[in-house]
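A quick write-up on the structure given underneath.
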Number of protein chains: 2
Amino acid sequence: MVAKRLLTLLAAGMLINVTPRTLPTPSSDSPAVMRLFDAAADAFAAKGFHATTTRDIASRAGLSPAGVYVHFASKEDLLFQLSRDGHVGARDAMAAAAGDADSPTEALRQMIGRFARWHAEELTLARIVQYEFRHLTDEHRHEVLDLRREIDAVVRSVVEAGMTSGEFDVRDSHATTLALLSLVVDVARWYHPGVRRTPDEIEETYGALALRLVAAR
Amino acid sequence: MVAKRLLTLLAAGMLINVTPRTLPTPSSDSPAVMRLFDAAADAFAAKGFHATTTRDIASRAGLSPAGVYVHFASKEDLLFQLSRDGHVGARDAMAAAAGDADSPTEALRQMIGRFARWHAEELTLARIVQYEFRHLTDEHRHEVLDLRREIDAVVRSVVEAGMTSGEFDVRDSHATTLALLSLVVDVARWYHPGVRRTPDEIEETYGALALRLVAAR
DNA sequence: GTCTATATAGCGATAGAC
DNA sequence: GTCTATCGCTATATAGAC
């Protein structure tokens, strides 16, 4: 009961509302802006932030080099918006998954499975989220760090709910949360569409692996 | 018995000899070369390959910008030698750990524990190994990929030995090997000396987590 | 809002003296 | 083997025409 209430709280309230979505929604952006987001995401994911030039981004988006600066203040601004939106999407996908569950065991299975799936389905965004993070300015990095702490907190809350209910055999919730996130984050490293596994299989596999890590009964 | 022979084979022969160490040993390098290796490793680990300038490296090593090119053909050559030596060190640390074990269970615990510890103790090298990989030239990347495949193969061999002996409950040895390596690789992302855990604790924690992932009896 | 043209700076790497 | 000086190039970002 306590666990269930906690989970409901997390899924329905805390996570959804901690960072209100005051961002411009993608649908309100102009075609050029959307092309620039796509172009920058592909380039950053493929080559990394510093190996990507503004000319790369502009030409992929069908614009001149100067065209980028009509819509974005800098190359780093493009990275920041991609990174922030990616973190918000990842967090919301996980929170939604937890909301469907009626026990810590099911919440963890669905959250980790769904989060792993997100890394496969949103591969370019996931790579930016996990690998390009450090190239943000100090101010932007701190803003995104808050989102990362939210993601960490919801996983740890479910782990601790399972410890309290007796469903999980875990001594250190921080260490176990870190391990759970390690499994998921690394999907962005090895996954490639069509190789090894489908997003469906990844979701199932990682949900099961998560329950092994917490020694769920 | 079969499992034990396989493990001995892996530890004593295959891994150690697959790639003979024809590299110049660090001890035979000049002081300037060692300073350049250290300087480049620190800079690459802290900022990434493309955000590091040859002037950064040279000044950290106490040389002029031109001084780098007396000892290395290019900035990428420095990265390659660091990446290759790092992979060899990681592989050998793991193979040595497997050699001490008398069962797949103990081999896996010691290998994963030792490998995780290596990521903490050799943090700068580990970050280069895991994150700067993609900035190698095609030829160099393929050479390092062979080392990565060796590391993957030895972990998978131990997983499969445990499946054969009945000690592990695993359906897909590839997926489980990937998950085991995900745990370890991610240590290079979150570890920072003095924070959260000591290398000793990491070795113990990750050895135990590995056994959970394979559902060792 | 997009372009051409360019400012300003820094890059990796080399030449040649010592 | 290390230096000073610099080449040739590319980078991010801006100015101003349309």
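What you see is a predicted model; the values in this text were computed from it and never measured.
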Residues in contact with DNA chain D, drawn from residues 59-73 of chain A - heavy-atom cutoff 4.0 Å: A:Ala66, A:Tyr69
Please table the atom pairs, donor to acceptor, closer than 3.5 Å between any side-chain atom in residues 174-188 of chain B and protein atoms at least two apart or in another chain.
from: B:Thr176; atom 1: OG1; to: B:Asp172; atom 2: O; distance (Å): 3.2
from: B:Thr177; atom 1: OG1; to: B:Ser173; atom 2: O; distance (Å): 2.7
from: B:Ser182; atom 1: OG; to: A:Asp186; atom 2: OD2; distance (Å): 2.6
from: B:Ser182; atom 1: OG; to: B:Leu178; atom 2: O; distance (Å): 2.9
from: B:Asp186; atom 1: OD1; to: B:Arg189; atom 2: NE; distance (Å): 2.7
from: B:Asp186; atom 1: OD2; to: A:Ser182; atom 2: OG; distance (Å): 2.6
from: B:Asp186; atom 1: OD2; to: B:Arg189; atom 2: NE; distance (Å): 3.4
from: B:Asp186; atom 1: OD2; to: B:Arg189; atom 2: NH2; distance (Å): 2.8

Return all side-chain donor-acceptor pairs below 3.5 angstrom for residues 68-75 of chain A, not counting sequence neighbours, or 'none' if the list is empty.
from: A:Ser74; atom 1: OG; to: A:Glu76; atom 2: N; distance (Å): 3.4
from: A:Ser74; atom 1: OG; to: A:Asp77; atom 2: N; distance (Å): 3.1
from: A:Lys75; atom 1: NZ; to: A:Phe49; atom 2: O; distance (Å): 3.0
from: A:Lys75; atom 1: NZ; to: A:Thr52; atom 2: O; distance (Å): 2.7

Outermost DNA chain C nucleotides near chain B [under 4.0 Å, heavy atoms]: C:dC11 to C:dA15
Using the side chain to side chain donor-acceptor pair (under 3.5 Å) rule, collect all pairs that involve residues 31-50 of chain B, keeping only residues at least two apart or in two chains. B:Lys47-B:Asp56
Excluding sequence neighbours, so at least two apart, what forms salt bridge (Lys or Arg N to Asp or Glu O under 4.0 Å) with [X]?
| X | result |
| --- | --- |
| A:Arg148 | none |
| A:Glu122 | none |
| B:Arg60 | none |

Just wondering, do A:Arg141 and A:Val144 contact through their side chains at under 4.5 Å, heavy atoms? no
Scan residues 112-121 of chain A for pairs that pass salt bridge (charged side-chain N to carboxylate O under 4.0 Å, His left out), counting only residues two or more places apart or in two chains. A:Arg117-A:Glu121, A:Arg117-A:Asp200, A:Arg117-A:Glu203
Which pairs, with at least one residue in residues 175-206 of chain A and sequence neighbours excluded, count as a ring-ring contact (aromatic ring centres under 6.0 Å, His included)? none
Heavy atoms within less than 4.0 Å of DNA chain C: which residues of residues 37-53 of chain B have one? Give them sorted by number. B:Thr52, B:Thr53
Hits for ring pair (Phe, Tyr, Trp, His ring centres under 6.0 Å) against B:Phe133, two or more places apart or cross-chain, chain-then-number order -> none
